[in-house]
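Shown next, in structure tokens, is the structure this report addresses.
All values below were derived from every heavy atom in this structure, side-chain atoms included, with hydrogens, water molecules and symmetry-related copies excluded.
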Amino acid sequence: MHPWDQGRRITLRPREEHEALQRARQRQSTDEWQQRYAHRAGIEGTIAQGVKGFGLRRSRYRGNAKTHLQHLLIAAAMNLTRLDAWLTGTPLAPTRTSHFATLRPAA
């Protein structure tokens with residue numbers, strides 16, 4: 001059974017939790033928060049590239065020294081891959097478009 005087959009759910013949180021969530025959402029709309037999050041967004045992309053393209057999720061080795069060496073080699077490989085893409089003019093991957101957004105008529 002898929003999640004969308006289960007219907008909708010409503011979550012009622014305790015007042016304190018709801019108010020804390022609302023305050024956090026308000027902070028996220030500030031320019032300061034957006035600037036700070038922009039750094040994290042770049043880091044998240046780097047981690048995703050390492051996990052998807054270079055097997056960063058699991059270590060092939062036991063022990064911190066060999067695992068650290070693997071991380072350094074993966075970082076070097078990612079840098080070389082990015083340098084190659086920059087030198088050859090390979091475009092960045094397009095941002096994912098949702099199925100709903102693809103239904104919009106072309107402008």
Side-chain angles (χ1 to χ4, degrees):
M1 178 178 268
H2 291 91
W4 54 82
D5 292 334
Q6 297 176 4
R8 295 184 178 204
R9 295 181 186 181
I10 185 168
T11 302
L12 300 174
R13 302 180 193 284
R15 179 181 301 271
E16 297 81 19
E17 187 177 338
H18 173 75
E19 290 172 354
L21 186 60
Q22 293 303 313
R23 285 191 302 272
R25 287 179 178 158
Q26 287 174 349
R27 279 193 308 271
Q28 290 176 359
S29 64
T30 63
D31 289 337
E32 178 188 353
W33 191 92
Q34 296 284 335
Q35 290 172 354
R36 287 182 48 212
Y37 188 77
H39 295 293
R40 179 181 172 141
I43 293 167
E44 293 286 342
T46 300
I47 291 172
Q49 181 185 17
V51 168
K52 292 177 185 176
F54 297 93
L56 187 60
R57 188 171 307 280
R58 294 191 180 263
S59 176
R60 296 174 181 231
Y61 309 104
R62 291 185 185 186
N64 288 337
K66 289 183 181 179
T67 299
H68 179 66
L69 177 62
Q70 178 185 348
H71 290 167
L72 293 176
L73 293 173
I74 287 174
M78 288 173 60
N79 286 337
L80 290 173
T81 300
R82 289 178 174 188
L83 180 63
D84 176 62
W86 181 71
L87 290 173
T88 60
T90 304
L92 299 174
T95 302
R96 185 186 77 80
T97 305
S98 71
H99 296 294
F100 182 71
T102 59
L103 298 174
R104 181 178 33 196

Let me have the donor-acceptor pairs involving side chains of residues 83-92, under 3.5 Å, with sequence neighbours excluded, atom names and distances please.
unit_1	atom_1	unit_2	atom_2	d
Thr88	OG1	Asp84	O	2.8
Thr88	OG1	Thr90	OG1	2.8

Side-chain donor-acceptor contacts of residues 72-79 below 3.5 Å, not counting sequence neighbours, with atom names and distances?
unit_1	atom_1	unit_2	atom_2	d
Asn79	ND2	Ala75	O	3.4

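Atom OG1 of Thr11 is separated from atom CG of Leu21 by 10.5 Å, given to the nearest 0.5 angstrom.
By the 4.5 Å side-chain criterion applied to Ile, Leu, Val, Met, Phe, Trp and Tyr, Leu12 is assigned to a cluster that also includes Ile10.
Closest of all the heavy-atom pairs between Gln70 and Gly55 is NE2-O, 4.0 Å.
The ring-ring contact (aromatic ring centres under 6.0 Å, His included) contacts involving residues 51-84 comprise nothing, where partners must be two or more places apart or lie in separate chains. Counting only residues at least two apart or on different chains, no side-chain hydrogen bond (donor to acceptor under 3.5 Å, both in side chains) pair has a member in residues 18-31. Counting only residues at least two apart or in different chains, salt bridge (charged side-chain N to carboxylate O under 4.0 Å, His left out) contacts with residues 41-70 comprise Arg40-Glu44.
A search for side-chain hydrogen bond (donor to acceptor under 3.5 Å, both in side chains) contacts involving Arg9 returns Gln6, not counting sequence neighbours. Judged as a ring-ring contact (aromatic ring centres under 6.0 Å, His included), and not counting sequence neighbours, the contacts of Tyr37 are Trp33. Listed by chain and residue number, Glu17 satisfy the salt bridge (charged side-chain N to carboxylate O under 4.0 Å, His left out) test with Arg13 (two or more places apart in sequence, or in another chain).
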